[in-house]
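Side-chain atoms are counted along with the backbone in the values below, which use heavy atoms only and exclude waters and symmetry mates. The structure displayed is predicted, hence computed values, not measured ones.
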Amino acid sequence: MSVEQEQIIRTEYSEIMQKSYIDYAMSVIVSRALPDVRDGLKPVQRRTLYDMYELGVRYDRPYRKSARIVGDTMGKYHPHGDSSIYGALVVMAQDFKYGLPLVDGHGNFGSIEGDGAAAMRYTEARLQKITQQAYLADLDKDVVDFIPNFDATEKEPSVLPVRIPNILVNGAEGIAVGMATSIPPHNLGEVIDGVIAYMKDPDLTTEEMMEIIPGPDFPTGGIVINKDELKAIYETGSGRIRLRGKVEIEPVKGGRERIVITEIPYTMIGANIGKFLNDVYSLVETKKTTDIVDISNQSSKEGIRIVIELKKGADAQNICNLLYKKTRLEDTFGVNMLVVADGRPETMGLRDIIRHNVQFQYQLATRKYTTLLNREREKQEVQEGLIKAYDVIDLIIEILRGSKSREQVKKCLVEGVTEGIHFKSKLSEKTASMLHFTERQANAILDMRLYRLIGLEIEALIKEHDETMKNIAFYEKVLGSRAQMAKVLMKELKELKKEFAVPRKTAVENAAEAVYQEKKQEAIPVMLLMDRFGYVKSVDVPTYERNKEAADAEFRRIIPCMSDDKICLFTNTGQMHLVKMSDVPFGKFREKGIPVDNICNYSSSSEELAAILCLSDLKDKKLLFVTRTSMIKLVDGAEFDVSKRTTAATKLAEKDQVLCVGVAAPEDTLVLQSEKNYFLRMQVGDIPEKKKGAIGVRGMRLGKDEGIVSAWILQADAEITVKVKDREVALNRLHIGSRDSRGVKR
């Protein structure tokens, strides 16, 4: 018993990984994610359509269960799971994704609003008429190569004989490894006209081609608004197309108007319609506009209809511009026309795609008419043999009667061998020896039925032969002249256009940038309310006054301000967070509000609020800072009028924290209380003014491991009393000491 010797190959690990990754990437690129430039289909789409063709699920036959189609495709051609196959089948049936649906779906195949298709066991499908005529016709004429399937038990076409540039008509989307394709759909009639124009003049420029194909034609309609940029996109194969929905402004009773969206950008289909509605709600909730009173989605099978009701006197066009700026009613479609050509991924422009398609059409036509010519020549051979046999039919019958086997008769007809055949006369034998039918003719004669000897049948055979000769002459003419072949191809394309072309849905134009004129809202006095959980909201002053008792009990902080004001949140970490009052929900007293964390950078989990002040209250005022280590300073309030949402309000020493922040005047006094109950009252005018980036000066001299626990800013007439160890201390009666002293014990 021999044991094979192990062979260990030593190699660099990185080289193995690199080669394996490249092999995997190319497999995904070519065999799954990117469409072939010739038929514009990914392998899963190609295999699904071919399987439906093989199953006989034709447009003029009954629908078949999708599960039957998916299972057959997976078992024969695409062993990568049923979800990818059914997903491809569903998309090819959706008229809102495909400009030219290839599958006729019966049942729930999803909706434009993002509803998914029903399970494959519930839906049915069959091929569309154009799919049979322009995608799968002539497969029996050897027009494309057939390759073994994954287990070599079946044959499948390497490419479908698609007669139109499907890659342009239906577009494509796919994500491979390290690359992606995104090709917009175009109008069938325009694309066919473009192909015909290229056949007539291969030197046609992109600009001239765009006179025929002005731009994409999305199944959802809409408007392409950057027409001048399309030329560069079609030349390079990449760029960005800007899309807008189609909007109509309708008058309503009472002098009001409403905005009606009848077409949406292609990028909005699916869940993005719901996102658009939510975005409009957000514009109202955040008070970006107060002119929208209601929005409703009234879309149906008849088409898109999203209605936005406006207040009386609202500027409808201005609101449209707001929607263009802040929602997906205006969006971009990224174009990257990446396709597989000759087995390699390549980014192509409009002309290159049409050029490859035209070359493919010539290849298909050459193989088709070569096959047809060979078939007609075979028919010619048989027909001429039968006509010749009719002239000597009596002799042939004599040979048949005098022979012992089919092979003996066949040898006589083909080679004139008469040995072993009984003839009535020597003349018959001599004549039989001169017969020279071909093998095919001899088989046709032997297979011929007696009724073919009727005179009318012979006349029909002669007419059929004449027709065959005409066909042969036509096929030879087509194959012998590229101009004649082009003429035939153009005629077929025109017939497809006449039967299947539809009017353009998407308008192509140059539109001005949407400019929204924000209406200046009149500022009103409001009350900012914050509860102990950090939820904030604002109400008008009358509402607060009516609910004052409940408000004072429920809310930790109540700040009077204006509706256009900014709120400064000072935290113990020395940061200041700005909140626009326009971002704070304004409404009813019993509404919950929103977490303050949601509208600024303040983090309630890592910071504590030291003070909340209105920015307008800081104008021409001084802000007093007190920290736990007794560092104090005054800062000009103007320093906090910044555009940043978060800024450093003061500098802190290590492990120090801001204890108190408040507006203070020189005539006010500051009272500090230490952990050991020392109190120091000082004049605010004695505290130096610093920049917000400074650390400040010492306020009270503290003992070891002692800190400040409380600070009060007292106005001249203020009377504040605090309890210390069951004794009351009147802060306004404390002796005014000097800064940086120990203070008095209480």
Side-chain angles (χ1 to χ4, degrees), residues 556-557 559 567-577 602 607-615 617-618 621-640 647-716 718 720-724 729-746:
R556 188 175 64 171
R557 297 180 186 267
I559 312 293
I567 302 300
C568 303
L569 304 183
F570 293 93
T571 70
N572 64 333
T573 60
Q575 299 294 311
M576 183 197 78
H577 304 291
Y602 167 68
E607 297 177 290
E608 293 179 11
L609 284 176
I612 300 180
L613 301 170
C614 288
L615 185 61
D617 291 343
L618 307 186
K621 300 284 178 66
K622 305 299 178 188
L623 214 55
L624 176 59
F625 285 80
V626 180
T627 74
R628 291 201 182 274
T629 60
S630 188
M631 303 306 292
I632 60 175
K633 67 174 179 179
L634 287 172
V635 182
D636 191 343
E639 289 199 41
F640 300 101
T647 187
T650 187
K651 186 177 180 181
L652 290 174
E654 191 177 351
K655 295 184 180 179
D656 198 3
Q657 290 184 338
V658 174
L659 181 66
C660 170
V661 181
V663 176
E667 60 272 16
D668 296 339
T669 57
L670 169 66
V671 178
L672 302 178
Q673 180 187 2
S674 73
E675 289 173 334
K676 295 181 179 179
N677 293 325
Y678 279 87
F679 286 82
L680 174 61
R681 184 183 179 199
M682 70 186 78
Q683 200 71 42
V684 171
D686 294 338
I687 301 172
E689 184 175 334
K690 302 279 187 179
K691 294 292 184 184
K692 62 182 180 182
I695 200 166
V697 296
R698 188 162 59 187
M700 175 189 283
R701 184 173 296 153
L702 299 172
K704 188 178 179 181
D705 298 329
E706 189 180 14
I708 301 296
V709 292
S710 299
W712 296 270
I713 300 171
L714 305 181
Q715 294 178 346
I720 298 178
T721 302
V722 296
K723 262 194 172 183
V724 178
V729 178
L731 299 181
N732 56 308
R733 294 182 183 176
L734 289 171
H735 173 71
I736 296 178
S738 59
R739 183 182 62 78
D740 197 20
S741 61
R742 182 62 172 150
V744 293
K745 177 83 170 175
R746 287 289 186 266

Quiz item: Between the side chains of Gln683 and Thr669, does any donor sit under 3.5 Å from an acceptor?
Solution: no
Quiz item: Does Arg742 come within less than 4.0 Å of Glu706, counting only side-chain N to carboxylate O?
Solution: yes
Exercise. List the atom of Gly707, the atom of Leu702, and the distance in Å for their closest heavy-atom pair.
Key: CA-CD1, 4.0 Å
Exercise. Taking atom CD of Glu667 as the centre, report whether more than 12 heavy atoms of other residues, nucleotides or ligands fall under 6.0 Å from it.
Key: yes
Self-check item: Distance-minimising heavy-atom pair for Ile736 and Met682
Solution: CG2-CA, 4.2 Å
Quiz prompt | Rounded distance (nearest 0.5 Å) linking atom CG of Leu613 with atom SG of Cys568 | solution = 6.5 Å
Self-check item: Under 3.5 Å donor-acceptor, Lys633 side chain and Lys691 backbone
Solution: yes
Quiz item: How far does NZ of Lys621 sit from CG of Leu634, to the nearest 0.5 angstrom?
Solution: 13.5 Å
Quiz item: Do you know the tightest heavy-atom contact between Gly699 and Ile632?
Solution: CA-CD1, 3.6 Å
Self-check item: For Thr627, side chain to side chain donor-acceptor pair (under 3.5 Å) partners two or more places apart
Solution: Thr629, Asp656
Practice problem: Any chance you could measure Gln673, atom CD, to Tyr678, atom OH, to the nearest 0.5 Å? | Solution: 13.0 Å
Self-check item: Partner residues of Asp740 under the side chain to side chain donor-acceptor pair (under 3.5 Å) criterion, sequence neighbours left out
Solution: Arg698
Exercise. Could you pull out the closest heavy-atom pair between Leu659 and Ile708, with the gap in Å?
Key: CD2-CG2, 3.3 Å
Self-check item: Ring-ring centroid check Tyr602 Phe570, cutoff 6.0 Å
Solution: no
Self-check item: Residues, nucleotides or ligands: over 12 heavy atoms within 6.0 Å of Glu675 CD
Solution: yes
